[in-house]
Structure formats: C-alpha cells, structure tokens
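Only one structure is covered here, and it is reproduced in the block below.
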Amino acid sequence: MSKPVRVRFAPSPTGFLHVGGARTALFNWLWARKNSGTFILRVEDTDVERSTEASTEQILDSLRWLGLDWDEGPYYQSQRMELYRERLDQLCAEGKIYPAFETKEELDRMREQAMAEKRNPIYNRAALRLSPTEVEERMKSGQAFVWRFKVPDEGHTVVPETLMSGESECRFENAAIGDFIVTRPGTLDKPGGPLYNFVCAVDDADMGITHVIRGADHLSNTAKQILLLEAMVREVPVYTHLPLITRGGKKMSKRDEDADPRYPVSVSARRDLGYLREATVNFLALLGWSHPSGEEIFPLDELIREFGLERLGKANANFDEDKYLHQNGWYMRNLPAEEIVRRAIPFLEAAGLSAADRPEGWLAEVIGLEIERCRLLSEFPEALAYFFQAPESYEPKGVRKFFGSPEAAELLDQTAGILEAAEPFAGEALEPELRRLAEERQLGFGKVAQPIRLAVTGRTASPGLFDVLRLLGREESVRRLRTAAEAIRSGVLAAGN
RNA sequence: GCGCCCGUCGUCUAGUCUGGUCCAGGACGCCGCCCUUUCACGGCGGUAACACGGGUUCAAAUCCCGUCGGGCGUGCCA
C-alpha cells in the first residue's frame, strides 16, 4: 500500500567519511534493507572549490569497507546542472525567486548590525523593493546577483517527526526564516551555480526519495527544503532527524580529526587503527538507536531485523570510546578465527613480523592465544612480538620479583634441562615435568611459572605457559631460559636492566 | 541576540507518548569474589542517576509552567 522505500546518503566530497556521516549512511541503508527499499548514493559536489575526486573515492571506499552497498548511483550533482537550471527557470517564471545584488561584504555588515541590535539577522528584502527596470538594468550591466527564494511572510513551516516515538514536530515561523539564497552569485552570461538547499530539494523530489534520514543539525534546512518542495509542487518526503553525535559535549566534527591520534573521527583512520567493520557498524547503530531488550551486540543481519526508526532517541548521542573499544574486543574474540588472522596479517607485516617461515597454523595459534588481551588489530604486533623475537629486556617489576636470587638462575637452568629432555615437546609432556620441579622445590607452581614466563616472554603476563613454550619451540625456549639465567648470574639485571 | 532541540548512574542508555508494575532496568568503566601458573577472557556480586523549583494528581522520571544547564542552526558550505 505504501510506496516502496527510497532513501539516499548524500555526502559532500570535501574530506573523508567521518563517523557521523557513516552513521547517517548506516541508518539510511538499514531503513532501505529493512523495507526492501532502495539505497541511493548521491554525491553533493556543487561546491567546485572544495569538492575533490580523491575525497569521493575515499568516501566510497569507506562505505564499501563498512559493507554499506548502494543500489543506485553514485549520482553527481555536478552532472545534473541542467535539471537545476530548469527548476530555477520555472521558479523564476512563477515569481518565487528573485535576484538580489548585495555583495557578501554588505550582507556580513547587515548581519552584524542586526545582531548588535538583537534582531534576527534575516535578509531585509531590499532587492525585492527594486523597480523592475532597475533590476533589469543592473542585470544587463553585468552586476553580479544571487537568486533568493521568497519565503511566504505568513504562517509557519512544520517539520513533522512522524517516525519517532511520541510524534513530535518542529514549527518554524516563516517570517523568521528569511529569504535564503539558492544560487551562488553570477551574471546573466555566467549564472551562479545552485546551492545546497535548492539542489537537495530538487534531487530528493526528482529521485523519488521517500524518507530523508539525516542529522538533527539539518533541522532548519529541512524547513527550507519543505518550503522549496511546496513551491515546486512536489511531494514532501518523510523527514527523520538523528540525534547529533557529540564528544566532550560538542558535535563531533571533521576538524576534530587530529585532536588525538587515538580517537580519529574518520572511518578510514579507525580502520587503520585496527577497528573492525563489524564493531564499527554495531557501535554506530547504537548512536541514537537502541533496542528495548537492552541488548547491545547486533551483527549486521540482526540489525536489519531489529532496527527501526521509531526507536530513535532525541538527546545527543555521545561517542563513548570505551564502549567502542569494548565492542571491538568482543568482535575480535567472536569473529571466526581465520578471519581475524587474515585481518591481523597486514598489521603484523607493517610491524615487520612475518610468519612466512613458520609451520602451517602457527600464526593462527599464536593469535588465538593473545586475542583475548587485544581490543584492536593494531595491538597484535606488540602483543605477539615475543613470539617472533627474544625479549630484549625484562619487565623491571618482574625482575625484582622473580629474578632477584641465584636460585632463580638455577631454576631456569633446570627448566632448560627439562625442556631439552622432554619428549615429545608438547604441553602434555611439559606440564607434569614442570609441576614436579615445583614440588621438588616445595614451591607453588606459580613460583616456578612466573620466572619461566619472564625469561621466555620478558613479561609477567602472558597466555598459558605451556602453550607459549610449545609455540616457541624447544630450541628457542631453552635458549631464552639460558640467556635469562646467564643474565641473572652476571648481575646486569640488578643494575636496572 | 534570535530560532529549534535536548537534560536519567562517572560514561552510553532503557523507561517519558499511553502517570501507579521504577525506593528506576541494561551496558561500559571501576571495585570485589570465583576460575587460575600470571594477565586476559568468562562467571558472580557491588558501586552509582530521574538538573532545579513550582503546579496537576490518591499517585510523576513520566503531564503542565518556570528556572538553570547543554547542544545545533543562524554561510554566496553541505
């Protein structure tokens, strides 16, 4: 009965895809998928000064990485100028737009003055009071002008929020909106290009968009676009405004990208940091949306089933880095092991850690051991380093606790001896031997395990000792034990390592 | 300034439309315990919130008014 859903994601190619944009894309995508609708990609590149192809590429790349595939497009507004021209001509013919000749500087001054006088700084319609001959003369003389949309003086424009719970609406007094500009300055010979609110309204109508889902920062734009749509006698889509994503109380902005390298706002930088697409999508979905069950883990397929615009929140959504990290860790541990291995390899290689000469399956095992201690793919190189190279130093805290006495060296030597003789060299064979060693020395097993752990990994914390020894191999394990014993005896560690 | 939106544990949130089941539920963080060769994972438990003031009502986190606080918009950007 209702029309098939058509939604769009309309980024402007003036930079990378940031998490806010990604969230908008995701919600539109989910709405399309949930309703078997169409997800359209539209590149809003009317600002030729700032739009770049590289940026478009990066945005598409990030969308693909997230798994947000589009059914139509990408359409480029820069290639639809004829359509905008047509609509503009029609509005002009109907007297719904008018040329205004003020320069930017003049407008700035007017705005400042209005603010100083505590007035709403909307355009004073000076151009509307120009006589037709005056206008014609100015245009013919080549004076630059912009087209302004004549907002009705009476009444108000309602932006309904019909999809949200509670059905609210925002009302804007038309008189307070002001005659906004729909084209850049131009002359009769060289017309100025169309501006955002105008092209957006034209395209949404032309592309048959049924639902416009975007950030709440667009609320006042929506009123303008509805006005435009009504003026063009086109159907008005359903609008839904998403809670703003904030961090530190402020809207998350592209300009925050370099504030802290650990917490970038671009999707691509998150990817490079070792965030998983699954976690990213899951986390983004919870920015403004929640499930009544309180459940917070939603793989994509489940998200499509459970998602709904009626469960959007209204309060700003804060970007909780801790939760994002936590969810990333969850997906690291719960995605198929071979998948994680595949994704970890580039990070390891970038750090110069290659498992090419290791036995089949070795890397998977090693990653499997450390994965529960990692929450980002990028943590693997450091976490796994000791599997690739002998420790260059020992954790000072451990040295003090476990390497303090000559007995420690003796213990490590003895352990080395046991490992040399162990047959086969595997956890099952090693464990009884080492436990016996502890008993002989009348020590709890921990007292034996910790020095050994420190000797072979350089750390006081690691996965189970027997697994570590097995994967390190007999030769390497023995070598590290002897090296550590030697270091203890030589006294170099006491000096502070 | 003006317009619009919002305000629940340290943090993210559920609950607000349709007042009672909420002395407020979940998650993250933190703390403790269990598991245990360490760390982590996992399990169990704990911590902690309705911005404030009025009103309506037998009853308010939920409705109304005001105050305060925060955010967004206010572009010849999108």
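Just so we're on the same page: letters track the sequence lines, and every chain starts at 1. Atoms considered below: every heavy atom in the structure, side chains included; atoms not considered: hydrogens, waters and symmetry mates.
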Could you encode protein contacts along nucleotides 65-78 of chain B as a string, one character per nucleotide from 5' to 3', using B for base contact, S for sugar-phosphate-only contact and - for no contact, with a heavy-atom cut-off of under 4.0 Å?
-> ------SSS-SBBB

Electrostatic pair A/E439-A/R435, nearest N-O below 4.0 angstrom =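 No salt bridge links A/E439 with A/R435.
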
Is it true that A/E379 and A/R375 have a side-chain N and a carboxylate O under 4.0 angstrom from each other?
->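 So A/E379 does not pair with A/R375 through a salt bridge.
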
Sequence neighbours excluded - salt bridge (charged side-chain N to carboxylate O under 4.0 Å, His left out) pairs with any residue from residues 114-123 of chain A |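 Residue pairs passing salt bridge (charged side-chain N to carboxylate O under 4.0 Å, His left out), neighbours aside: A/E117-A/R119.
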
Pairs touching residues 145-157 of chain A that satisfy salt bridge (charged side-chain N to carboxylate O under 4.0 Å, His left out), sequence neighbours left out =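 Qualifying pairs, neighbours excluded: A/R125-A/D153.
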
Hey, is the side chain of A/R311 poking within less than 4.0 Å of OP1 or OP2 on B/G15, counting only N and O atoms?
->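 A/R311 to B/G15 OP1/OP2: side-chain N or O found under 4.0 Å.
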
For B/C4, take OP1 and OP2 only and decide whether either is under 4.0 Å from a side-chain N or O of A/R171.
->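 No, outside the criterion.
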
Quick one: does A/K314 reach the base of B/C5 with a side-chain donor-acceptor pair under 3.5 Å?
->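 Not at all, since no donor on one side and acceptor on the other fall under 3.5 Å apart.
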
Would you kindly give the CD-to-C1' distance between A/E296 and B/G29, to the nearest whole Å?
->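 Rounded to the whole Å, the gap is 13 Å.
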
Rounding to a whole Å, what distance do you find between A/Y263:OH and B/C12:C1'?
->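 In whole Å, B/C12 C1' lies 15 Å from A/Y263 OH.
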
For B/C72 versus B/C77, give the span between their C1' atoms, rounded off to a whole number of Å.
->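 These two C1' atoms come out 16 Å apart once rounded.
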
Hey, what's the ring geometry for A/F298 with A/H291, parallel, tilted or perpendicular (30° and 60° as the breaks)?
->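 Plane angle between 30° and 60°, so tilted.
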
